[in-house]
Novice: 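Got a structure here, written out as structure tokens. Questions coming.
The model shown is predicted, which means the values in this text are computed figures rather than measured ones. Chain A is the first sequence line, chain B the second, and so forth, proteins listed ahead of strands; every chain is numbered from 1.
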2 protein chains.
Amino acid sequence: MSNATISDVAKKVGVSESTVSRYLSGFKVRNSESIKKAIKDLNYRPNIMARNLKSGKTGMVAVIVPDISNPFFASIVRGAEVAAGDDYMLQLISTNDDPDKEEAAIRRLNGRVDGLIYVPAKEDSQAITEFEDYAFPVVFVDRVISNLRRFDSVLADNQTGASLATKHLIEHGHAAIAHIAGPSASTPGKGRAEGYLAALKKSKIERNNDYLVESDFTVLGGYQAMMGLLALKKRPSAVFVGNNLMTIGALKALKESKVNVPDEMAVIGFDDHELSDLVNPPLTVISRDAHLQGALAMSTLLERIRDGYQFPPKQLKVDSNLVIRQSCGSTCLYRKTDSDKKILSSSTSS
Amino acid sequence: MSNATISDVAKKVGVSESTVSRYLSGFKVRNSESIKKAIKDLNYRPNIMARNLKSGKTGMVAVIVPDISNPFFASIVRGAEVAAGDDYMLQLISTNDDPDKEEAAIRRLNGRVDGLIYVPAKEDSQAITEFEDYAFPVVFVDRVISNLRRFDSVLADNQTGASLATKHLIEHGHAAIAHIAGPSASTPGKGRAEGYLAALKKSKIERNNDYLVESDFTVLGGYQAMMGLLALKKRPSAVFVGNNLMTIGALKALKESKVNVPDEMAVIGFDDHELSDLVNPPLTVISRDAHLQGALAMSTLLERIRDGYQFPPKQLKVDSNLVIRQSCGSTCLYRKTDSDKKILSSSTSS
DNA sequence: AAGTTATCTGCAATCGTTTTTAGCAATTTG
DNA sequence: CAAATTGCTAAAAACGATTGCAGATAACTT
């Protein structure tokens with residue numbers, strides 16, 4: 001039952017192990033036919049571990065995400081998987097945004113993978129130091145660790161996207177605009193808050209610190225943040241929510257508080273979803289191509305694995321688009337386009 | 001730069017490699033202090049591949065799912081990951097429901113993993129034959145391959161869940177009840193259709209073949225199936241949709257056709273979602289704990305890896321629950337319960 | 001046919017561990 | 001005090017592949 005080894009094949013054919021090995025590597029070999037047959041007869045499969053030990057390669061790439069059940073990260077992973085094709089297999093790790101888990105995971109990864117696609121929790125994560133030790137290339141996706149500039153990254157254009165969202169609310173006549181932000185220690189949390197503030201400034205709307213609440217990218221966090229905003233003496237009339245999960249939480253809070261969207265509170269989210277269209281009211285969001293982000297990250301990583309760091313690190317960005325539906329009070333224009341929604345492109349990748 | 005080996009450590013301390021190895025395995029050793037120091041100084045990390053080659057174990061478990069971007073499968077994976085803890089790492093493979101890809105993946109997995117958690121596309125998949133060759137335990141989740149009874153499985157109670165859904169519609173006065181089913185070649189597609197038919201039979205409602213349409217578990221498939229139902233001379237007044245994605249598609253079709261839910265068409269889905277509550281109207285669904293399913297699968301698998309097949313294969317089932325919201329015309333009772341929704345338990349796991 | 005070159009082959013070393021074996025010293029036992 | 005037991009240790013043999021080297025065929029030259 002236990003698998004045959006290369007030596008079994010060699011013995012059966014009457015050649016040396018090296019000849020079989022060379023046959024397997026595609027070299028021209030005299031008894032290729034009988035080797036082929038013996039391999040089939042013995043159901044021989046090369047032992048990957050032995051091969052890896054010799055070659056020093058593993059044929060594996062790790063992907064560290066906060067939580068695979070977040071559809072956004074699932075899309076990234078899927079994109080990465082597709083881009084990896086048959087060359088590399090994926091190892092998946094969810095960290096729950098816990099830097100300690102990230103550190104432990106990276107430590108365990110040593111010797112198991114040839115590269116890492118990494119969505120870190122915090123820009124100043126302690127795991128930084130660990131990276132010095134480990135000898136595989138890393139590509140950051142969606143978030144970066146600021147001190148690790150030597151690695152590549154594939155981000156969304158958070159600033160532009162957030163400005164676009166805020167501007168959209170302003171154009172609908174809102175001035176009391178809140179922002180439920182992600183952790184300021186995270187790249188998108190920080191970037192989107194910056195974009196929000198920049199848009200306010202540009203329209204000469206004074207910043208109200210009560211309206212900028214920092215949360216944690218979770219449903220519950222979004223719910224609580226929204227409840228907080230509703231409890232304010234001077235309620236905002238519109239809110240830009242910093243990610244998909246917090247948007248769900250915010251909407252739950254609004255529904256529970258019987259606050260009408262968009263009349264009493266306009267809402268715009270970050271990151272689209274298959275169901276955004278069917279929510280009541282259909283949700284206007286900033287969207288970007290997570291699948292593409294994952295695919296870009298993987299191809300960048302594979303390049304590094306192949307060619308090393310002879311070229312300077314890349315900083316890729318994918319577009320953020322505004323998908324107008326009805327949660328900001330926009331009329332139902334989107335029916336007129338063939339894609340069932342109106343998309344305004346914002347920025348180009350670079 | 002390249003990692004130090006156990007021999008470097010041994011040399012530095014002045015002992016043999018085996019002594020260092022024994023120290024690492026927790027045996028009592030005379031120079032343990034200096035070995036500890038040398039390991040730290042040299043930043044020695046054991047080479048996993050060498051270790052795996054020697055032990056024949058990989059410390060890895062593969063998870064094969066149709067598509068990780070389907071939140072349901074993402075939950076399964078997450079549950080499996082949590083249950084694996086620090087003992088095993090996960091290798092992820094999406095197959096797009098393509099049996100050929102499944103087969104190729106399983107073939108590649110040989111020697112890379114100690115076990116497999118597997119959501120196959122079809123019950124009669126050709127990949128069956130492959131399994132004979134490979135020497136790791138397998139646990140099926142959500143779907144099985146019928147000829148492989150020797151492996152464990154963790155399924156949902158599809159029949160009961162589907163009956164519950166259908167009965168719910170019947171109790172709301174519907175008799176013209178359609179079912180958009182998944183592929184009949186798949187376990188849940190078949191099981192849920194059976195449950196649907198059983199419930200009709202029990203209520204002495206005649207089966208209408210136009211009302212049982214087989215689709216493919218995708219958004220587009222659900223959309224097209226619903227469009228087909230709407231085009232019928234005698235439209236059904238209610239529909240039970242066989243999975244989450246097809247439900248989204250069906251709702252899109254209804255929205256696009258301006259058919260009111262639940263007045264003109266009652267809808268009940270299979271599998272809950274964080275957003276189901278916020279959809280218009282809030283979606284009544286059959287729900288089961290996907291996270292638990294994944295966790296059970298993993299713990300079953302780890303048991304097999306540890307103890308082998310001395311015990312007969314297990315067939316676990318998780319409960320299906322009815323979550324009543326408003327898409328079937330139920331009044332808004334759910335507010336009265338503390339969990340924000342009314343849950344009727346259906347069956348117990350066995 | 002003999003010399004030269006091009007192909008292919010087996011041997012042995014190597015990758016970095018773990019584990020078995022046997023040996024040595026120190027300690028306990030009769 | 002000799003004998004038996006204990007507690008570590010080093011040396012060597014795996015684990016299953018790949019690869020440099022040198023020798024053996026085979027295939028061309030002239």
Side-chain angles (χ1 to χ4, degrees), chain A residues 1-36 38-39 41-60 107-114 133-136, chain B residues 1-36 38-39 41-60 107-114 133-136:
Chain A
M1 291 303 113
S2 84
N3 266 336
T5 75
I6 200 171
S7 129
D8 297 330
V9 177
K11 227 166 277 171
K12 177 151 187 170
V13 179
V15 295
S16 76
E17 304 179 16
S18 38
T19 301
V20 179
S21 173
R22 278 191 257 268
Y23 165 81
L24 290 170
S25 323
F27 284 71
K28 218 173 187 86
V29 157
R30 260 194 282 281
N31 316 47
S32 64
E33 276 313 313
S34 33
I35 293 180
K36 189 175 184 177
I39 286 177
D41 289 352
L42 294 170
N43 189 31
Y44 165 75
R45 306 232 143 244
N47 181 310
I48 316 279
M49 290 306 148
R51 203 173 253 182
N52 289 347
L53 172 60
K54 194 73 176 90
S55 68
K57 297 280 164 200
T58 66
M60 285 274 236
R107 183 169 279 136
R108 291 190 69 191
L109 248 27
N110 178 36
R112 295 182 179 277
V113 297
D114 297 336
D133 304 342
Y134 298 91
F136 46 72
Chain B
M1 291 304 113
S2 83
N3 265 338
T5 75
I6 202 172
S7 133
D8 297 330
V9 177
K11 228 166 275 172
K12 177 153 186 168
V13 179
V15 295
S16 76
E17 305 178 15
S18 40
T19 302
V20 179
S21 174
R22 309 181 75 90
Y23 165 81
L24 289 169
S25 323
F27 284 72
K28 218 174 185 85
V29 158
R30 257 196 281 281
N31 317 47
S32 65
E33 276 312 312
S34 33
I35 292 180
K36 190 176 184 179
I39 286 177
D41 289 353
L42 295 170
N43 188 32
Y44 166 74
R45 306 233 144 244
N47 180 309
I48 316 278
M49 291 306 149
R51 198 173 257 182
N52 288 347
L53 171 60
K54 194 71 177 104
S55 69
K57 297 280 165 200
T58 67
M60 286 274 236
R107 183 168 278 138
R108 291 190 69 191
L109 248 27
N110 178 38
R112 296 182 178 275
V113 298
D114 297 337
D133 304 341
Y134 298 90
F136 45 72

Novice: Mind checking B/Asn31 for me? I need base, sugar-phosphate or nothing, with any heavy atom below 4.0 Å counting as a touch.
Specialist: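 Sugar-phosphate: the residue B/Asn31, judged by heavy atoms under 4.0 Å, touches backbone atoms but no base.
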
Novice: Applying side chain to side chain contact (heavy atoms under 4.5 Å, CB included), name anything that partners B/Lys57, two or more places apart in sequence or on another chain.
Specialist: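 Partners of B/Lys57 by the side chain to side chain contact (heavy atoms under 4.5 Å, CB included) criterion, ordered by chain and then number, come out as B/Ser55, B/Asp114.
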
Novice: Would you find a donor on one side and an acceptor on the other, under 3.5 Å apart, between the side chain of B/Thr58 and the backbone of B/Arg112?
Specialist: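 Checking the backbone N and O of B/Arg112 against the side chain of B/Thr58, a donor-acceptor pair under 3.5 Å is found.
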
Novice: Which atom pairs, one a donor and one an acceptor, fall under 3.5 Å between side chains of residues 16-30 of chain B and the rest of the protein, sequence neighbours left out?
Specialist:
| residue | atom | partner | partner atom | Å |
| --- | --- | --- | --- | --- |
| B/Ser16 | OG | B/Ser18 | N | 3.4 |
| B/Ser16 | OG | B/Ser18 | OG | 2.8 |
| B/Ser16 | OG | B/Thr19 | N | 3.4 |
| B/Ser16 | OG | B/Thr19 | OG1 | 3.3 |
| B/Ser25 | OG | B/Ser21 | O | 2.7 |

Novice: If you count every heavy atom of other residues, nucleotides or ligands that lies below 6.0 Å from B/Lys11 atom NZ, does the total exceed 12?
Specialist: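 Not more than 12 within 6.0 Å, no.
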
Novice: Could I get a table of every N or O pair under 3.5 Å where one atom is in the protein and the other is in nucleotides 14-20 of chain D?
Specialist:
| residue | atom | partner | partner atom | Å |
| --- | --- | --- | --- | --- |
| D/dA14 | N3 | B/Lys54 | NZ | 3.4 |
| D/dA17 | OP1 | A/Tyr44 | OH | 2.9 |
| D/dA17 | OP1 | A/Asn47 | N | 2.6 |
| D/dA17 | OP2 | A/Ile6 | N | 2.4 |
| D/dT18 | OP1 | A/Arg51 | NE | 3.0 |
| D/dT18 | OP1 | A/Arg51 | NH2 | 3.4 |
| D/dT18 | OP2 | A/Ser21 | OG | 2.7 |

Novice: With sequence neighbours excluded, what pairs up with A/Asn31 under the side-chain hydrogen bond (donor to acceptor under 3.5 Å, both in side chains) test?
Specialist: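 Partners of A/Asn31 under the side-chain hydrogen bond (donor to acceptor under 3.5 Å, both in side chains) test: none.
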
Novice: Reading DNA chain C from 5' to 3', where do the contacts with chain A start and stop? Cut-off is 4.0 Å to heavy atoms.
Specialist: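 Footprint of chain A along DNA chain C, 5' to 3': C/dC8 to C/dG16.
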
Novice: Output all residues satisfying side-chain hydrogen bond (donor to acceptor under 3.5 Å, both in side chains) with A/Asn47, sequence neighbours left out; order by chain, then residue number.
Specialist: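 Applying side-chain hydrogen bond (donor to acceptor under 3.5 Å, both in side chains) to A/Asn47 gives none.
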
Novice: One pair to check against side chain to side chain contact (heavy atoms under 4.5 Å, CB included): A/Asn52 and B/Leu53. What are the steps and the verdict?
Specialist: CA-CA 9 Å; A/Asn52 289 347; B/Leu53 171 60; over 6 Å; no

Novice: For side chain to side chain contact (heavy atoms under 4.5 Å, CB included), just list the numbers for B/Arg51 and A/Met49, CA-CA rounded to whole Å, side-chain angles, deciding distance to a tenth of an Å, and then say yes or no.
Specialist: CA-CA 9 Å; B/Arg51 198 173 257 182; A/Met49 290 306 148; over 6 Å; no

Novice: Tell me the bend of the helix from C/dA1-D/dT30 to C/dG30-D/dC1 as the angle between end helix axes, each from five pairs, rounded to the nearest 10 degrees.
Specialist: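 The angle, to the nearest 10 degrees, is 40°.
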
Novice: With a 4.5 Å cut-off on side-chain heavy atoms, are B/Ile6 and B/Tyr44 touching?
Specialist: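 A side-chain contact under 4.5 Å exists here.
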
Novice: Using a 3.5 Å distance criterion without hydrogens, assess whether the side chain of A/Asp8 forms a donor-acceptor pair with backbone atoms of A/Thr5.
Specialist: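 Yes, A/Asp8 side chain to A/Thr5 backbone: donor-acceptor pair under 3.5 Å.
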
